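This report concerns only the one structure given below.
Small disclaimer: the values here were computed from a predicted structure and weren't measured. Counting starts at 1 for both ligands and their atoms, following the listed order.
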Amino acid sequence: MTYDPQNIFAKILRGEIPAAKVLETNHALAFLDIGPVNKGHVLVIPKAEAATLSDLPDDLAAHIGSLLPRLCRAVKTATGADALNIVVNHGEAAGQTVHHVHWHIIPRFSGDAVHWPWPHQSYAHDEMEQMRSRIAQSLDNANATDS
Ligand code: AMP
C-alpha cells in the first residue's frame, strides 16, 4: 500500500501532535494507545515510512522485535495484567485503521470483556499440503528475487 505521510502516527513522529511516550530509540517509538482496549495498551512504531509489516525492512522489524520483551515486562508490571496480547493488524480487512505499521501490546485480565480466541477452521483432504506448498513456493520466489 502507498504510504500516506499525513497518517496520524507520522504526525506523532514529526512532533505535530502529542503522544504519551513510554520508550524512544533512534529507530522506534512506543506510546499509549489513545483508545485502549485495556488501560496501559501500548503501541510500538518504527521511525520509517512503512504502511504494513510487509513494507518494513528486516533490520527495522528486528529492532522492534528486540524492544518487545522489555515493553511486555514493563506493561505487565505497571498494569498488573495477568497476560498480554501482542497484535499487528496488517491491512484494513484485518482491522488496520492507521496505515503506519504498529504493534499493539494489550494488557489482559482474567475475565475481562475482550473477546478471544478467534474462531478456528479446519483443512479438508490435501488442502493443508497445498497451502504449505504455496507459501513455501512464495518464500522460495522471494529468496530468488532477494539474492
Ligand atoms: P489499528 O486498528 O491496528 O490500525 O490500530 C490503530 C490504533 O491507534 C487504535 O487502537 C487507536 O486507538 C490508536 N490511535 C489512533 N489515534 C491515536 C493517537 N493520536 N494516539 C494514540 N493512539 C491512537
Side-chain angles (χ1 to χ4, degrees), residues 1-123 127-128 130-132 134-143 145-146:
M1 158 170 219
T2 315
Y3 184 82
D4 174 8
Q6 293 311 315
N7 76 74
I8 200 99
F9 294 168
K11 290 182 178 177
I12 286 175
L13 286 175
R14 290 195 297 268
E16 293 169 10
I17 60 169
K21 299 178 185 180
V22 297
L23 180 69
E24 182 161 16
T25 70
N26 288 338
H27 304 294
L29 179 67
F31 53 96
L32 292 182
D33 190 304
I34 206 166
V37 172
N38 280 318
K39 289 175 186 171
H41 177 168
V42 163
L43 300 172
V44 194
I45 63 174
K47 295 180 177 178
E49 296 196 344
T52 72
L53 187 50
S54 297
D55 304 315
L56 194 63
D58 289 0
D59 57 344
L60 280 176
H63 177 65
I64 300 272
S66 76
L67 301 176
L68 290 176
R70 207 183 335 161
L71 283 163
C72 286
R73 289 192 292 271
V75 170
K76 207 157 177 291
T77 300
T79 60
D82 300 311
L84 304 166
N85 287 118
I86 316 304
V87 177
V88 178
N89 296 326
H90 188 308
E92 287 180 3
Q96 185 176 7
T97 58
V98 179
H99 298 290
H100 181 115
V101 58
H102 51 281
W103 282 248
H104 295 259
I105 301 175
I106 302 170
R108 295 297 310 280
F109 301 88
S110 300
D112 68 17
V114 182
H115 297 295
W116 196 267
W118 291 331
H120 291 274
Q121 299 186 27
S122 56
Y123 290 104
E127 260 186 335
M128 193 172 188
Q130 286 180 15
M131 183 58 72
R132 185 207 63 74
R134 284 214 296 275
I135 294 172
Q137 189 63 54
S138 297
L139 285 165
D140 283 348
N141 293 346
N143 282 342
T145 311
D146 289 347

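Counting non-hydrogen atoms of other residues, nucleotides and ligands closer than 6.0 Å to CD of Q121 gives a total of 12 or fewer. N141 CG: more than 12 foreign heavy atoms inside a 6.0 Å radius.
Between H99 and F9, the ring center distance fails the sub-6.0 Å criterion.
Around ligand 1 you find I8, F9, I12, F31, L32, D33, I34, G35, L43, N89, G95, Q96, T97, V98, H102, H104, each with a heavy-atom distance below 4.0 Å.
Looking only at atom types and distance, the side chain of H102 has no donor-acceptor partner in the side chain of Q96 under 3.5 Å away.
Remark: side-chain polar atoms of N38 are paired, donor with acceptor, to backbone N or O of P107 under 3.5 angstrom. In this structure, K47 contributes its side chain and T25 its backbone to a donor-acceptor pair below 3.5 Å.
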